Structures are given as structure tokens and as C-alpha cells.
Amino acid sequence: MRLERLAAAHLNAVEALEEAGQAHPWRRAILARALDDDTLDVWGAWQGATLLGHAVLAWLPFEAELQAITVAPHARRQGVAGMLLAHLVTRARQGGAERLLLEVRENNAPALALYRQYGFGEDGRRRGYYPLLGTRGGEREAAVLMSRPLEARAAD
Ligand SMILES: CC(C)(COP(=O)(O)OP(=O)(O)OC[C@H]1O[C@@H](n2cnc3c(N)ncnc32)[C@H](O)[C@@H]1OP(=O)(O)O)[C@@H](O)C(=O)NCCC(=O)NCCS
């Protein structure tokens, strides 16, 4: 598996992965803007010519934010997200960010376990922030706000 910074030329592969891997995929126009945006780092994990996963890092003043991470369903539980996340932690630290932030649905157990394993702690919740996936009624779920410090001695 190799990691590569993604660019406009990868739009079709990124769109296909979003469609396959996300309940609410980013639309093509938004993906195209993200791949062309200097304030974002979009990284992909490739196996040969197949994009297995991608992740988006946004640069903020003093901090960085993980905006998305998606792994193809057939490639899950093989360390793809962990590899992408470890890489973005290193990039954020090398870029001078003091913390890496993210937000995740409270019912997204795989993502919560991933983030905890990589040293993220919970900072708070936005109650009722997201419509609950798979429901049509007014049910909602909280956004969990998480972060991890990026000083040199923090565990990866
Ligand atoms: C969350 C997601 C990115 C994890 O990707 P992955 O490549 O399967 O994750 P990894 O194989 O690197 O797993 C690393 C750790 O995360 C945790 N984890 C990942 N998937 C898990 C699951 N289904 N159940 C429990 N823990 C899980 C485990 O601690 C795992 O370590 P282990 O395999 O040694 O137990 C993937 O399930 C996905 O794309 N989900 C849909 C999109 C999404 O929800 N993205 C996050 C919010 S934007």
C-alpha cells in the first residue's frame, strides 16, 4: 500500500470511493473543489491502481482538522484508515499545528474506536447535530468533538 497526495486527476477515483464508502458522500463538485484547495491536504491510500481510502486534512490557524476519512468497504479492518490517520497526524505536526481536531457522529462506533486508538480524546458534544442515519423521522444524533495534542512526545 502506498500513500499519495491526491489532485484533480484523481477526482473519478475519489468520487467512486465516496459513493461506495460513505452514507452521505461528498458530491463531485465539492470533491473537485477540495482537490484544488491549497488549505486542504487530501491523501489517498493505493493498492496498485485501486484507491482503498482517502482522508482530508484542513489547515486552521494553530490547529488542523480531519474533515473526512473513508475506506472502501472491501478494504476495511486492514489498517488503511490507521495508516492515513498516522500520516496526517505527522503532517499536521510538521506543519506546526498544535492540535488535530475532528467531529464524528456519536453512533459511528468504528470511527470512534479508530480515533480513540490514535490518541483522540472527547472534548464535548453537540446534541442533536446530525439527522440519524437510516431514519425518516426527526430523530437526531450528537456530534462528538474530539482532538489530540500534537506536541512531539504525544503518542501516535
Ligand atoms: C471508520 C473507517 C474509516 C475505519 O477504516 P478501516 O481502514 O477499516 O480502519 P483500520 O483497519 O485502520 O482500523 C484501525 C482501528 O480502528 C478501530 N476500528 C475500525 N473499524 C472498526 C469496527 N468496524 N469496529 C470496531 N472498531 C473498529 C479498531 O480499533 C481498529 O484497530 P484493530 O483493527 O487493530 O482492532 C471505515 O470504517 C469507514 O470508511 N467508515 C465509513 C466512513 C466513516 O464513517 N468515516 C469516519 C467519519 S467521516
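Remember, it's a predicted structure, so these values are computed and weren't measured experimentally. Only heavy atoms go into these numbers, but all of them, side chains included; no hydrogens, no water, no symmetry mates.
Residues V144 and F120 form no side-chain contact, since every pair of their non-hydrogen atoms from C-beta on lies 4.5 Å or further apart. With a 4.5 Å cut-off on side-chain heavy atoms, E4 and H10 count as touching. Within the 4.5 Å cutoff, side-chain heavy atoms of V80 are placed close to those of M1. In this structure the side chain of E19 never reaches within 4.5 angstrom of the side chain of R28, judged on heavy atoms. Between R33 and I30 the shortest side-chain heavy-atom distance falls below 4.5 Å. By the 4.5 Å heavy-atom criterion applied to side chains, M146 and L112 are counted as neighbours.
Between V104 and A111, the closest heavy-atom pair is CG2-CB, 3.8 Å. Of all heavy-atom pairs between Y118 and G82, the closest is OH-CA, 3.2 Å. The two residues L40 and A58 come nearest to each other via the heavy atoms CD2-CB, 3.4 Å. Here the closest non-hydrogen pair linking A20 and P73 is O-CG, 3.3 Å. E65 and L60 make their closest contact through CB-CD1, 4.0 Å (heavy atoms, listed as atom of the first residue, atom of the second, distance). Here the closest heavy-atom approach between residue L35 and residue A7 is recorded as CD1-O, 3.7 Å.
A distance-only check finds a donor-acceptor pair linking the side chain of E141 to the backbone of N107 [under 3.5 Å]. For R140 (side chain) and G128 (main-chain N/O), a donor-acceptor pair under 3.5 Å exists by modelled atom type. Judged by distance alone, with hydrogens and angles left aside, the side-chain atoms of T90 form a donor-acceptor pair with the main-chain N or O of A86 at under 3.5 Å.
Rounded to the nearest 0.5 angstrom, N12 CG and L17 CG are separated by 12.5 Å. For the atom pair NE2 (H87) and CZ (R5), the distance works out to 9.0 Å, reported to the nearest 0.5 Å. Within the model, atoms CD of Q67 and CG of L57 stand 8.5 Å from one another, a figure rounded to the nearest 0.5 Å. Of the inter-residue distances, the one linking L52 atom CG with H74 atom NE2 reads 5.0 Å to the nearest 0.5 angstrom. L150 contributes atom CG, which lies 14.5 Å from atom CZ of F62 (distance to the nearest 0.5 angstrom). To the nearest 0.5 Å, the span separating CH2 on W43 from CZ on R91 amounts to 4.5 Å.
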Please test T70 against E18 for side-chain contact (heavy atoms from CB on, under 4.5 Å), starting from the C-alpha separation and ending with a verdict. CA-CA 7 Å; T70 306; E18 276 289 299; 3.2 Å; yes
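Here the options are E103, R105, E106, the test is side chain to side chain donor-acceptor pair (under 3.5 Å), and the partner is Y130; only E103 passes. Tested against L88, the residues L66, V56, L3 include a single side chain to side chain contact (heavy atoms under 4.5 Å, CB included) partner, L66.
Criterion: ILVMFWY side-chain heavy atoms under 4.5 Å apart, direct or through other members. Under it, V71 and L102 are part of a common hydrophobic cluster. Grouping the Ile, Leu, Val, Met, Phe, Trp and Tyr side chains by contacts below 4.5 angstrom, directly or via other members, places L84 apart from V42. Under the 4.5 Å side-chain heavy-atom criterion for Ile, Leu, Val, Met, Phe, Trp and Tyr, L31 and W46 are members of the same hydrophobic cluster. Tracing side-chain contacts under 4.5 Å through hydrophobic residues (I, L, V, M, F, W, Y), one reaches W59 starting from I69; they form part of the same cluster.
For H54 and W26, the distance between ring centers is not under 6.0 angstrom.
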Donor-acceptor pairs under 3.5 Å, side chain of residues 94-101 to any protein atom, not counting sequence neighbours: which ones?
residue: R99; atom: NE; partner: E63; partner atom: OE2; Å: 2.9
residue: R99; atom: NH1; partner: S147; partner atom: OG; Å: 3.2
residue: R99; atom: NH2; partner: E63; partner atom: OE2; Å: 2.9

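When the shell of 6.0 Å around CZ of R127 is examined, it contains 12 or fewer heavy atoms from other residues, nucleotides or ligands.
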